[in-house]
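Remarks on the structure that follows.
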Amino acid sequence: MNIWIAIGVTALGCYAVKLTGLLVPAGVLERPLVRRLAALLPVALLAALTAQQTFADGRTLVLDARAVGLAAAAVALVLRAPFLVVVGAAVVVTAGVRALGG
């Protein structure tokens with residue numbers, strides 16, 4: 001029964017957040033600060049998610065093949081490679097390091 005309470009609370013929370021966004025006056029959304037935050041917030045969240053998934057395993061900090069793959073992706077980005085090449089480089093390098101026992 002507890003899982004259904006959690007699902008219900010989550011659904012109501014999502015609805016409340018959506019409703020709050022719809023109730024914000026348009027003038028507030030046109031402010032330069034709000035526009036800047038709206039542009040930068042997804043980038044910051046994605047960077048935090050990438051860091052957490054790369055360098056954490058539960059509650060411990062790890063450096064393994066994922067970190068090497070992320071470094072390969074960073075190098076590909078610096079070289080201005082297309083997005084698919086960046087992702088492919090990260091995948092190939094991570095798989096290679098894991099295959100070698102790293």
Side-chain angles (χ1 to χ4, degrees):
M1 183 70 168
N2 289 339
I3 190 77
W4 289 109
I5 293 171
I7 291 171
V9 169
T10 302
L12 288 173
C14 290
Y15 183 77
V17 168
K18 183 78 167 178
L19 183 63
T20 303
L22 292 173
L23 295 176
V24 173
V28 173
L29 299 176
E30 297 299 323
R31 293 181 183 164
L33 178 63
V34 174
R35 285 179 165 260
R36 240 171 102 200
L37 285 175
L40 295 176
L41 191 61
V43 176
L45 289 173
L46 185 59
L49 178 63
T50 301
Q52 193 274 333
Q53 291 292 315
T54 302
F55 300 111
D57 185 19
R59 291 182 175 256
T60 59
L61 181 66
V62 294
L63 285 173
D64 59 3
R66 296 175 293 181
V68 180
L70 183 63
V75 169
L77 282 173
V78 168
L79 296 175
R80 296 189 176 266
F83 180 71
L84 288 178
V85 174
V86 172
V87 173
V91 168
V92 168
V93 169
T94 301
V97 170
R98 284 189 176 172
L100 295 173

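As the structure is a computational prediction, the values presented were derived from the model and not from experiment.
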Does any pair with a residue in residues 12-26 pass side-chain hydrogen bond (donor to acceptor under 3.5 Å, both in side chains), and if so which ones, sequence neighbours excluded?
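Not a single pair qualifies under side-chain hydrogen bond (donor to acceptor under 3.5 Å, both in side chains).
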Please list all pairs passing the side-chain hydrogen bond (donor to acceptor under 3.5 Å, both in side chains) test where one or both residues lie in residues 37-59, with sequence neighbours left out.
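Qualifying pairs: none.
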G69 to T94 - nearest heavy-atom pair and separation
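That closest heavy-atom pairing would be CA-OG1, 3.2 Å.
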So which heavy atom on V85 is nearest to which on A81, and how close?
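The answer is CG1-CB, 3.8 Å.
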Does a side-chain heavy-atom distance below 4.5 Å link F55 with V62?
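Side chain of F55 against side chain of V62, heavy atoms only: no contact under 4.5 Å found.
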Given side chains that start at C-beta, do those of R66 and R98 come closer than 4.5 Å, heavy atoms only?
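Sidechains of R98 and R66: in contact.
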Mind checking the CG-CG spacing from L19 to L12? Nearest 0.5 Å is all I need.
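Those atoms lie 11.5 Å apart.
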Between L63 and L70, is there shared hydrophobic-cluster membership here, with clusters defined by ILVMFWY side-chain heavy atoms closer than 4.5 Å?
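Looking at the clustering, L70 is in the same group as L63.
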If two hydrophobic side chains count as joined below 4.5 Å and joins carry through other members, does V86 share a cluster with L79?
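Cluster IDs for V86 and L79 differ.
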